[in-house]
Amino acid sequence: MKTKKRVTDPFGNKLKELDKTIELKISSELDDNETALAQLFANCSDLVVRKLHMFGSIPGMVVYLDVLVDDQLWDDGFLEPLMQPEAASSSSSSHIYEILNFKLASIVQPRIATNMNEVVQSIVRGEVVLFTQSSMEAFSFGLKDKLHRQLEEPATEAVIRGPRYGFIEKLDINLALIRHRLRTPRLKTEKLCAGRLSQTDMMIVYIENLAEQSVVEEVKKRISSIDMDSVLESGYIEELISDHPYSPFPLMQATQRADLVSGSLIEGKIAVLIDGSPNVLVLPITFWFGFQTAEDYYTNFIYITMLRWLRYLFAFLAMALPAIFIAITTFHQEMIPTSLALSLAAAREVVPFPAIAEGLIMEITFEALREAGIRLPRPVGQTISIVGALVIGQAAVQAGIISAPQIIVVSVTGIASFLIPNPGMSQAISIIRFPLMLLAASFGLYGVGIGLICVLIHLVTLKSFGVPYMTPIAPFNPTGLTDTLIRAPWRVMRRRQKQTQRRME
């Protein structure tokens with residue numbers, strides 16, 4: 001996979017030059033190290049440099065960024081043990097390391113940095129760096145501030161039945177939510193980093209012997225090849241490591257639900273956690289995964305099977321209903337009953353636009369109202385939606401700009417798009433809707449058919465990390481149908497669980 005280089009060359013060269021300046025050795029003199037850091041962190045008012053005597057006799061210097069360090073951990077876990085009198089027999093690095101390892105709390109275990117680059121990276125990550133006199137090494141301690149918001153239910157993935165906790169922006173807390181559900185040492189985590197400036201931590205999570213090791217290695221390879229100045233959200237990673245970045249269909253599932261991620265890991269999938277993002281990526285996925293929710297496995301299987309077919313039906317309506325309406329009213333009036341045809345003609349008699357213009361106006365207006373409802377504050381957004389749906393729609397019909405049947409079609413399309421659980425899948429269907437409308441206006445139902453066939457061909461050619469996107473339909477796999485077109489009862493799906501257990505043995 002080719003990764004698009006987002007960093008411009010002049011900017012990238014500047015960063016490389018900066019990296020060279022900090023590839024310096026640590027001086028044995030504290031004053032020299034202080035001078036070097038003062039130059040690198042010039043105009044950084046939150047940088048704290050403090051000289052002290054460790055254990056009553058050993059000269060040292062601590063450096064950290066005040067806004068990133070936990071104050072209580074600094075005072076009680078680090079500074080207090082460090083200032084206790086201790087009869088140190090030697091000021092060598094190894095001896096000091098042993099003392100620190102013994103004295104400090106277990107949560108602030110030291111790591112050794114051998115050059116200034118590692119020191120700078122530790123400081124910007126919120127760690128405290130300790131220099132000692134006459135030593136060419138430094139010690140870094142993780143005293144990161146634990147500031148984060150409370151766990152709450154994801155606003156975009158609400159459920160009636162099921163756990164309420166969702167992921168937040170802290171990587172370690174998101175991992176803890178998964179480990180609370182999967183209490184096994186076979187749950188493996190591998191930490192990576194991306195972004196020249198952001199230095200964003202991310203983690204690949206999978207269950208050993210369930211996830212394909214080749215897929216794990218491929219994910220690591222693609223993430224390691226990312227060359228960008230910053231990675232601020234999981235959407236960056238989703239686009240950069242996707243097999244088909246120009247396809248509108250989602251090839252990874254972005255979710256904020258820990259139970260959905262845990263269930264996916266048991267099925268052999270891989271999760272990518274990104275620090276600073278509440279959205280966790282699950283891969284590989286299939287087309288049908290976009291129509292499933294975690295709640296499907298907590299509710300009666302008959303009802304969920306009915307609900308899944310309803311989602312498939314309304315997904316088709318969300319994609320093709322406006323196009324079919326345009327094709328029939330423009331080219332194929334003979335296909336509808338005469339009374340209905342007369343009613344539609346009467347409703348459109350005062351409208352000055354053709355059906356395609358009418359449809360595009362309403363669909364674009366609907367997308368704009370939906371976007372406005374999301375971006376505005378919640379109370380204002382709801383008001384905008386009501387005003388858009390009731391006032392503008394009614395006024396447009398009375399003014400003779402839009403016909404009432406077109407309002408009904410757009411309303412049904414909007415409701416249908418909200419039935420799709422995966423926002424990425426809903427967006428893909430919204431994108432496809434417009435070319436289908438243009439084909440319908442040009443060639444009638446023949447154009448709609450050609451458009452749908454093209455979409456189908458595109459879907460069967462897609463792969464998500466080597467997995468055919470339309471499996472188990474294409475290629476056909478009858479055992480996979482128990483959790484695709486239907487949600488089979490757990491007694492039937494127990495066979496799959498036994499296969500999972502055999503794979504783990």
Side-chain angles (χ1 to χ4, degrees), residues 7 11-55 58-69 74 78-79 82 88 90-101 103-104 107-144 190-203 220 223-231 275:
V7 180
F11 186 58
N13 293 333
K14 286 183 180 179
L15 289 175
K16 289 177 181 176
E17 290 175 4
L18 179 62
D19 291 340
K20 289 180 181 177
T21 60
I22 57 180
E23 286 178 0
L24 303 173
K25 291 183 179 178
I26 298 172
S27 172
S28 59
E29 296 295 327
L30 294 180
D31 292 339
D32 294 342
N33 292 325
E34 182 181 5
T35 303
L37 288 173
Q39 292 176 352
L40 289 170
F41 287 90
N43 299 324
C44 294
S45 59
D46 55 341
L47 182 74
V48 176
V49 179
R50 181 174 175 180
K51 291 184 177 177
L52 45 79
H53 282 82
M54 299 181 296
F55 311 119
I58 302 174
M61 180 178 71
V62 290
V63 184
Y64 60 93
L65 292 171
D66 188 38
V67 294
L68 297 181
V69 173
W74 159 257
F78 182 78
L79 195 58
L82 204 66
S90 170
S91 60
S92 65
S93 297
S94 58
H95 183 63
I96 293 174
Y97 181 82
E98 291 179 2
I99 296 176
L100 292 173
N101 225 2
K103 279 286 185 182
L104 298 181
I107 53 176
V108 287
Q109 290 296 309
R111 290 190 302 107
I112 296 178
T114 56
N115 58 52
M116 198 57 77
N117 188 22
E118 293 179 15
V119 168
V120 171
Q121 291 300 321
S122 299
I123 292 173
V124 296
R125 286 175 177 276
E127 298 180 359
V128 173
V129 176
L130 172 65
F131 296 91
T132 56
Q133 183 68 32
S134 306
S135 174
M136 301 286 286
E137 295 177 334
F139 305 100
S140 64
F141 306 86
L143 304 179
K144 295 179 183 177
E190 299 192 31
K191 205 166 186 178
L192 299 172
C193 182
R196 288 170 181 264
L197 290 176
S198 61
Q199 293 290 309
T200 306
D201 290 328
M202 53 190 70
M203 195 172 285
K220 288 165 57 179
I223 292 178
S224 301
S225 66
I226 292 175
D227 184 16
M228 292 186 70
D229 54 343
S230 62
V231 176
D275 193 29

Any side-chain to backbone donor/acceptor pair from S140 onto S122? Under 3.5 Å, distance only.
no
Taking every non-hydrogen atom, the tightest pair across G126 and V69:
O-CG2, 3.8 Å
CG of L65 to CD of E127: how many Å apart, nearest 0.5 Å?
11.0 Å
Which atom pair, heavy atoms only, marks the closest approach of T132 to L30?
C-CD2, 3.8 Å
Does NZ belonging to K191 count more than 12 external heavy atoms closer than 6.0 Å?
no
Student check: side-chain heavy atoms of Y64 and I123 closer than 4.5 Å:
no
Heavy-atom closest pair, residues P59 and M54:
O-CE, 4.3 Å
Provide the closest heavy-atom pair for L52 versus V62 in the form atom of the first, atom of the second, distance.
CD2-CG2, 4.2 Å
Going by heavy atoms in the side chains, are R196 and D227 under 4.5 Å from each other?
yes
Would you indicate whether the side-chain heavy atoms of M116 and N33 approach each other to under 4.5 Å?
yes
Which residue pairs pass the salt bridge (Lys or Arg N to Asp or Glu O under 4.0 Å) test when at least one of the two sits in residues 35-50, sequence neighbours left out?
none
Would L37 and F131 satisfy side-chain contact (heavy atoms from CB on, under 4.5 Å), going step by step from the backbone distance to the final call?
CA-CA 12 Å; L37 288 173; F131 296 91; 3.7 Å; yes
For the side chain of S230 and the backbone of L197, is there at least one donor-acceptor N/O pair under 3.5 Å apart?
no
Can you see which heavy atom on M202 is nearest to which on C193, and at what distance?
CG-N, 4.5 Å
Intermediate values then yes/no, side-chain contact (heavy atoms from CB on, under 4.5 Å), V63 and F41:
CA-CA 11 Å; V63 184; F41 287 90; over 6 Å; no
Before giving the answer on side-chain contact (heavy atoms from CB on, under 4.5 Å), spell out for E118 and I26 the whole-Å C-alpha distance, their side-chain angles and the decisive distance to 0.1 Å.
CA-CA 10 Å; E118 293 179 15; I26 298 172; over 6 Å; no
Heavy-atom pair with the smallest gap, counting every atom of V119 and A113:
CG2-CB, 4.0 Å
Would you please test M61 and D31 for side-chain contact (heavy atoms from CB on, under 4.5 Å) and show each step?
CA-CA 9 Å; M61 180 178 71; D31 292 339; over 6 Å; no
